[in-house]
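Okay, so here's the structure we're looking at.
So that the names make sense, note that chain A is the first sequence line, chain B the second, and so on, each numbered from 1.
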2 protein chains.
Amino acid sequence: MSRSSKAKVDDLPEGLDESMPLTEELEGFLGYRLRRANAAMHRHFIAAVADLGLTQKQAAVLWLINSNPGIAQVSAADALGMDRATTMAIVDRLDERGLLVRRQSSADRRRQELYLTPAGQKLLRKAKARVAKHEERFTSQFTASELEFLFEALRKLRDVT
Amino acid sequence: MSRSSKAKVDDLPEGLDESMPLTEELEGFLGYRLRRANAAMHRHFIAAVADLGLTQKQAAVLWLINSNPGIAQVSAADALGMDRATTMAIVDRLDERGLLVRRQSSADRRRQELYLTPAGQKLLRKAKARVAKHEERFTSQFTASELEFLFEALRKLRDVT
DNA sequence: TCCAATTAGTATGCAACACATACTATTCGT
DNA sequence: ACGAATAGTATGTGTTGCATACTAATTGGA
C-alpha cells in the first residue's frame, strides 16, 4: 500500500462516481465533440508535416494557389473562410519563405495575383504525400458510405447560418 | 457595359472553369471539412455568448469545474485535452475575473483544487441557456440517428492514435 | 462624365491558444 | 531514504482571428 492514510483515488473531494468521465456533460455537445475531433486531427496534421514547417492553413493556401494560379488574396480569403488581415499574415509568411510570389494584376491594379514559386511547388508536392497518409489514417475509420455521410454532415454544419 | 476591354470575369488567368469552386481539391479532405465545420461552429458559439465574454475553452473549464468541484488543474487539462501551460493561462484569466478560486489541496499540497465562485456559477447558468440554443441550431440539421452516428464518428476521430 | 461608395491590399494592435522549456515544491515507488 | 515522477508556475515563441484605419483603385449611378 503506497497511499499513506487516505483511500481517495483522485481529486474528487466527496462521493462522486469516479468511473464517470469528468467530461460527461460536455460530451453531450456537438460543438465539444467537433472541437476535440478537430484538435486531434490538427495535431496529427502538424506532426505529419513537421519537417516541412507548415500549418494546416499555410498548406491550404499553397494548395489553393496551386489549383488556382493567379488567384487574388481576397479570393483566397473568401474561399478558405478567412478575413483579409489573417490571409495577409499567412501570405506574408509564405512570401518571406519564398514559397509564393505576389504580382500586381494588370486587369485590376488593386489586386495581387498569387503564384507558387518552384520552391513552393516542390514543398507542396512533399506535403501532398504526407497529407495523403494523414488523411488515410483518419478516413480509414469509416466505410465509404459512412464517409460520404460524414462529409455531407460537416458541410451542413459549415453552412449553418 | 462597365468593364473596359476585357471579358475576364474573375482572377483566374487562363481557361479555368469558373463554375468549379476554388477549393474543389481541398473539399476532398476530411481534415479540411472538419476544420471549416469547427470554425463555423466556433464563430457561432463566440457570438452566442458574446455578452458574457467567454470562449469555448473558458466555458468548457467552467462547465467542467461545475460538474467536478475541487478538480485539480492537471485533471482538468487531461479531461479537456489541453496541456498544463495552456490550462494555467485559461484558469488565470477566469481567476482574475473572479469566476473561480484555487484552493490548495490538503491531501496533496502540489494540487490546487478549483471551485466556481457564486459569480462563476451565475455566469455559467447564463452561458448554459445560450449554449443550448446554439447547439440546437446545429443539431437540428440532423435526425436523431444521424446525430448518434455523427457523435460516434467524431469520437472515433478524436481517439485516432 | 463625375463623384460617392465599394473593394483590395496593407499596417497595427490585441486577445486567445498551443507548445516548449525550465524551475520549485511535493509526492511516489522501490 | 532517495531518485523519479508529478503539479503548478513562469516565460517565451508562433499562429490565428478579428477590429480598426488608411491608401489606391475601381465601380456604379445620377
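Contact annotation: B:Gln104 side-chain N/O to D:dG8 OP1/OP2 distance is not under 4.0 Å. Contact annotation: B:Arg84 does not reach the phosphate of D:dT6 (side-chain N/O to OP1 or OP2, under 4.0 Å). Look at B:Gln56 and you won't find any side-chain N or O under 4.0 angstrom from OP1 or OP2 of C:dA16. Side-chain N/O atoms of B:Arg109 include none lying less than 4.0 angstrom from OP1 or OP2 on D:dG8.
Both A:Ile90 and B:Asp108 lie near DNA chain D, and the one whose nearest nucleotide falls closer to the 5' end is B:Asp108. Comparing A:Ala39 and A:Gln112 by the nucleotide of DNA chain C that holds the closest heavy atom to each, the one mapping nearer the 5' end is A:Gln112.
Out of D:dG8, C:dA8, C:dA16, the shortest distance to the side chain of B:Arg111 is found at D:dG8. Looking at the side chain of B:Lys57, the nearest of the listed nucleotides C:dA16, D:dG17, C:dA18 is C:dA18. Comparing D:dT15, C:dG9, C:dA16 by their nearest atom to the side chain of A:Thr55 picks out D:dT15. Out of C:dT10, D:dA7, D:dT26, the shortest distance to the side chain of A:Met88 is found at C:dT10. Considering only the side chain of A:Met82, D:dG17 comes nearest among D:dA19, C:dG9, D:dG17.
Here A:Arg102 lies in heavy-atom contact (under 4.0 Å) with sugar-phosphate atoms only. Counting non-hydrogen atoms under 4.0 angstrom, A:Asp83 reaches a base of the nucleic acid.
Summarising the geometry, the separation between CD on A:Glu96 and C1' on C:dT10 is reported as 14 Å, rounded to the nearest angstrom. The CZ atom of A:Arg35 sits 16 Å away from the P atom of D:dG17 (whole-angstrom rounding). To the nearest angstrom, C1' of D:dT15 lies 16 Å from CG of A:Leu80. Per the geometry, CG belonging to B:Leu94 stands 14 Å off C1' belonging to C:dA15, to the nearest Å. One can place CD of A:Gln73 at 13 Å from C1' of C:dA11, the figure rounded to the nearest angstrom. Distance CZ (A:Arg97) to P (D:dG14): 13 Å, rounded to an integer number of Å. Look at CG on A:Asp95: it is 11 Å from P on C:dA11, rounded to the nearest Å. Taking atom CG of B:Asp92 as the reference point, atom C1' of D:dA10 lies 10 Å away to the nearest angstrom.
Of all non-hydrogen atoms in A:Ser75 and A:Ile71, the two that sit nearest each other are CB-CG1, 3.5 Å. A:Leu154 and B:Ala37 get closest at one heavy-atom pair: O-CB, 3.5 Å.
Placement of B:Val160 and A:Phe45 in two distinct hydrophobic clusters is found when ILVMFWY residues are connected by side-chain heavy-atom separations under 4.5 Å, directly or transitively.
Checking A:Ser140 against A:Glu136 by side-chain atom types alone, no donor-acceptor pair falls below 3.5 Å.
Looking only at distances, a side-chain donor or acceptor of B:Arg137 sits under 3.5 Å from a matching main-chain atom of A:Thr161. With A:Asp95 contributing its side chain and A:Val101 its backbone, the two residues share no donor-acceptor pair below 3.5 Å.
No donor-acceptor contact under 3.5 Å links the side chain of A:Arg110 to the base of C:dG9.
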